Amino acid sequence: TENVPGIVSMGKAAEVALRDLERNTAHCRAVRDVFDGLAVDLPMTRLNGHPDARLPNTTNLCCLYADAMSICMALSIEGVFVGTGSACASHTQEPSHVLRAMGLSDQAAYCSIRISGGPSVSLEDAEFAAERIRQAVETIRLVTAPEDIGTCGDDCPCFVGTDAP
């Protein structure tokens with residue numbers, strides 16, 4: 001037996017998604033821009049990936065000398081939730097295979113966080129979260145020595161042209 005209510009519901013959901021696609025995409029980009037700003041304003045932080053040709057709702061940042069798991073734990077206390085790799089591989093503690101394929105070192109991948117938003121995330125929520133991320137990274141850097149994280153090679157794209165030591 002076909003699930004007629006499910007089929008009708010899926011069709012209506014697709015209709016609504018298409019109707020709101022441009023507005024939602026523009027909003028997601030505005031929210032993403034708040035998080036992208038951390039790569040400019042937070043020293044030794046870099047955007048992983050292309051600045052424009054990517055999903056409108058996701059930012060991936062490498063924060064040198066701030067372990068991503070520590071960032072996640074510090075933020076969760078504040079009610080802000082970020083990831084350490086791709087959403088589909090969140091169960092593993094290995095460095096992101098995607099970031100590794102992009103040329104990042106294990107150390108850079110271990111210092112990278114994924115921030116996702118959506119149409120329901122307000123700009124105020126994004127600004128709140130961005131400030132909490134900034135505070136968490138700065139605090140973790142105060143208590144983490146570079147040798148605790150490891151250093152990247154000169155060819156790691158994460159830190160080429162930054163103020164990293």
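Only a predicted model underlies this, so the values are computations on that prediction, with no experimental measurement involved.
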- Quick one: does Cys63's side chain get under 4.5 Å of Arg141's, heavy atoms only? yes

- Query: Where do Asn48 and Met102 come nearest, in terms of heavy atoms and distance?
  - Reply: C-CE, 4.0 Å

- Look only at the side chain of Arg100 and the backbone of Leu104, and say whether a donor-acceptor pair between them is shorter than 3.5 Å. yes

- Query: Rounded to the nearest 0.5 Å, how far apart are CZ of Arg114 and CZ of Phe35?
  - Reply: 12.5 Å

- Flag, side chain of Asn57 to backbone of Gly117, donor-acceptor distance under 3.5 Å: yes

- Message: Can you list, by chain and residue number, the hydrophobic cluster partners of Val8 when the side-chain cut-off is 4.5 Å?
- Response: Val4

- Message: Given 3.5 Å as the limit, does a donor-acceptor pair link the side chain of Thr139 with the main chain of Val137, or not?
- Response: no

- Evaluate the side-chain proximity of Glu22 to Thr25: yes if any heavy-atom separation is below 4.5 Å, no if none is. no

- Task: For Asp36, enumerate each residue passing the side chain to side chain contact (heavy atoms under 4.5 Å, CB included) test, keeping only those at least two apart in sequence or located in another chain.
- Result: Arg32, Asp33, Leu47, Arg54, Thr59

- Query: Are any of the side-chain heavy atoms of Thr84 and Tyr110 separated by less than 4.5 Å?
  - Reply: no

- Message: Restricting to non-hydrogen atoms, name the atom on Val121 and the atom on Ala126 that form the minimum distance, rounded to 0.1 Å.
- Response: CG1-N, 4.3 Å

- Query: Taking Asn3 for the side chain and Gly6 for the main chain, is one N or O donor matched with an acceptor at less than 3.5 Å?
  - Reply: yes

- Query: About how many Å separate CD1 of Ile77 and SG of Cys72, when rounded to the nearest 0.5 Å?
  - Reply: 12.0 Å

- Task: Is it possible for you to say whether Leu38 and Leu123 belong to one hydrophobic cluster, with membership spreading through side-chain heavy-atom contacts below 4.5 Å?
- Result: yes

- Do Thr58 side-chain atoms and Leu55 backbone N/O form a donor-acceptor pair below 3.5 Å? no

- Task: Hey, could you give me the CE/CD distance between Met44 and Glu138, rounded to the nearest 0.5 Å?
- Result: 10.0 Å

- Item | Rounded distance (nearest 0.5 Å) linking atom OG of Ser76 with atom CZ of Arg132 | 13.5 Å

- Note on the structure: Between Ala109 and Pro95, the two heavy atoms sitting closest are CB-CB, 3.7 Å

- Task: Take Leu61 and Arg46, measure what side chain to side chain contact (heavy atoms under 4.5 Å, CB included) needs, and give me the verdict at the end.
- Result: CA-CA 6 Å; Leu61 297 173; Arg46 178 188 182 274; over 6 Å; no

- Item | Side-chain heavy atoms of His50 within contact of Asp52, under 4.5 Å | yes

- Heavy-atom check, side chain of Asn60 versus side chain of Ile115, under 4.5 Å: no

- Task: Calculate, to the nearest 0.5 Å, the distance between atoms CD and CG belonging to Gln135 and Leu42 respectively.
- Result: 11.0 Å

- Query: Do you reckon Phe81 sits in the same ILVMFWY cluster as Val34, going by side-chain contacts under 4.5 Å, direct or chained?
  - Reply: no

- Query: Stepwise, does the side chain to side chain contact (heavy atoms under 4.5 Å, CB included) test hold for Ile140 with Tyr65?
  - Reply: CA-CA 8 Å; Ile140 291 164; Tyr65 305 134; over 6 Å; no

- Query: If only atom types and distance count, is the side chain of Ser112 paired as donor or acceptor with the main-chain N or O of Ala108 below 3.5 Å?
  - Reply: yes

